[in-house]
Chemist: 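Can you keep this structure in mind? I'll have questions shortly.
This structure is a prediction, so every number in the text was calculated from the model and none was measured.
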Amino acid sequence: MDREERKNKITHFRKETIIGKCVDLKPATALQAEQIVRLRNKPRNRYYFNQDYELETEGQKAWFETYEKRDDDIYWCVYRKDGLFIGTIRLYGIDLDGEYCEEGSYAIDEDYADEAPYAVESKMLVLDVAFDELQIKTMINDNRADNKVMNNIDNQLGFDKGEKIQIRGVDYLHRILKAGDYRKNRAKFSSLVDYWSRR
Amino acid sequence: MTKEEIMNRLTEIYREVFDDASISLSEEMTADDIEDWDSLTHLRLIMQIEQQFQIKFTTGQIKNMDNVGALMEQIQILTDKKQGE
């Protein structure tokens with residue numbers, strides 16, 4: 001895939017809803033700014049995002065103005081099948097040559113996270129876009145070192161153990177996932193998602 | 001199904017999900033007592049339990065099962081109900 005084709009794919013995914021089995025990923029826009037801010041300002045999310053201030057809706061709308069001008073970034077809102085907003089997830093720093101990209105802005109509302117595998121399915125849908133559609137070779141993910149749930153999911157998806165780094169004075173794990181390792185581990189989560197979608 | 005039978009089958013399921021043959025359950029045990037017990041493994045546990053006992057928990061039941069004893073109680077209720085059908 002050449003740079004132009006990859007760029008076109010990114011443009012496509014910034015407009016297209018991804019239909020999953022337990023969740024749908026809808027392209028994030030300024031219209032969802034208020035919901036995104038409410039989610040990110042929850043104490044648990046502020047802690048894991050290492051965000052020591054309250055976000056404001058106007059600030060989030062301004063962020064979307066710069067987002068609209070970029071072409072290496074895809075941001076989704078996660079919706080339950082009944083249309084309830086429950087989270088966000090994003091691919092960013094997408095290398096147009098396909099070598100790497102980063103995954104982040106990942107949060108599933110703690111009030112709903114235990115109901116079904118919303119978190120893992122959202123992540124798999126995004127990894128499928130990265131590895132299958134954009135043909136990216138390496139995914140990078142920086143998790144807070146003490147984010148047990150996130151690191152456990154990443155362990156099971158095939159991310160490496162990670163290198164300890166500091167971001168704004170906090171310990172993070174800088175973790176790498178290769179496309180081949182993801183494909184080896186994907187099936188065990190697919191069966192979980194399938195089961196919960198049929199319940 | 002007796003309490004002991006439920007506990008034995010549950011222990012097998014926990015050992016498989018956590019890939020740890022040394023796990024020994026007690027009724028007081030909670031997610032805090034097993035290192036890898038988080039929301040994801042909880043969903044995997046529920047899936048295995050429902051499949052093996054051929055029962056189905058409600059969302060409310062899943063959210064309110066705070067320890068192994070509460071889980072056993074719900075399994076007992078649902079398996080008894082199934083046998084009575």
Chemist: Going by atom types alone, do A:Tyr195 and B:Gln51 pair a side-chain donor with an acceptor below 3.5 Å?
Modeler: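 Side chains of A:Tyr195 and B:Gln51: no pair found under 3.5 Å.
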Chemist: Using a 6.0 Å cut-off, check whether atom NZ of A:Lys178 has over 12 heavy atoms from anything other than its own residue.
Modeler: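 12 or below, so no.
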Chemist: Any residues in residues 48-61 of chain A near chain B, with a heavy-atom distance under 4.5 Å, and which are they?
Modeler: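 Counting heavy atoms that sit under 4.5 Å from chain B, no residue of residues 48-61 of chain A is involved.
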Chemist: Given a strict heavy-atom distance threshold of 4.5 Å, which part of A:Val149 is in contact with chain B: side chain, backbone, both, or neither?
Modeler: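 The answer is both parts of A:Val149.
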Chemist: Take atom CG in A:Asp2; do more than 12 heavy atoms of anything else shown fall under 6.0 Å from it?
Modeler: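 Enclosed.
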Chemist: Which residues pass the side-chain contact (heavy atoms from CB on, under 4.5 Å) test with A:Lys26, sequence neighbours left out?
Modeler: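 By the side-chain contact (heavy atoms from CB on, under 4.5 Å) rule, A:Lys26 matches A:Thr17, A:Tyr79.
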Chemist: Say whether B:Leu45 and B:Ile23 are linked into one hydrophobic cluster, either directly or through other cluster members, by side-chain heavy-atom distances under 4.5 angstrom.
Modeler: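 In one cluster: yes.
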Chemist: Report the residues that fulfil side-chain contact (heavy atoms from CB on, under 4.5 Å) with A:Asn141, sequence neighbours left out, ordered by chain and then residue number.
Modeler: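 With sequence neighbours excluded, A:Asn141 shows a side-chain contact (heavy atoms from CB on, under 4.5 Å) to A:Glu103, A:Lys123, A:Asn143, A:Asp154, A:Phe159, given in chain and number order.
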Chemist: Write down the atom of B:Ile62, the atom of A:Asp114, and the distance for their closest heavy-atom approach.
Modeler: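 B:Ile62 and A:Asp114 have their closest heavy atoms at CG2-O, 4.3 Å.
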Chemist: Grouping I, L, V, M, F, W and Y whenever their side-chain heavy atoms are under 4.5 Å apart, do B:Met65 and B:Met1 come out in a common cluster?
Modeler: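 Per the 4.5 Å side-chain linkage, B:Met65 and B:Met1 are co-clustered.
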Chemist: Just wondering, are more than 12 heavy atoms of other shown residues or ligands nearer than 6.0 Å to OH in A:Tyr100?
Modeler: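 Incorrect, the count does not exceed 12.
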Chemist: Take A:Leu192 and B:Leu40 through the side chain to side chain contact (heavy atoms under 4.5 Å, CB included) test and state the conclusion after the steps.
Modeler: CA-CA 10 Å; A:Leu192 181 74; B:Leu40 178 62; 3.7 Å; yes
Chemist: Side-chain heavy atoms under 4.5 angstrom apart, residues restricted to Ile, Leu, Val, Met, Phe, Trp, Tyr: same cluster for B:Met29 and B:Phe18?
Modeler: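 Yes, because B:Met29 and B:Phe18 connect within a single hydrophobic cluster, where side-chain heavy atoms sit under 4.5 Å apart.
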Chemist: When rounded to the nearest 0.5 angstrom, what distance separates OH in A:Tyr112 from OG1 in B:Thr59?
Modeler: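 Rounded to the nearest 0.5 Å, the OH-OG1 separation comes to 12.5 Å.
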Chemist: Go through the structure and list residues passing side-chain contact (heavy atoms from CB on, under 4.5 Å) with A:Lys184, not counting sequence neighbours.
Modeler: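 Scan of A:Lys184 (side-chain contact (heavy atoms from CB on, under 4.5 Å), adjacent residues dropped) gives A:Asp181.
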Chemist: Without swapping roles, check the side chain of A:Arg199 against the backbone of B:Phe57 for a donor-acceptor pair under 3.5 Å.
Modeler: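 Checked: pair present.
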Chemist: I need the B:Arg44 CZ to A:Phe189 CZ distance, nearest 0.5 Å.
Modeler: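 Atom-to-atom, B:Arg44:CZ and A:Phe189:CZ are 6.5 Å apart.
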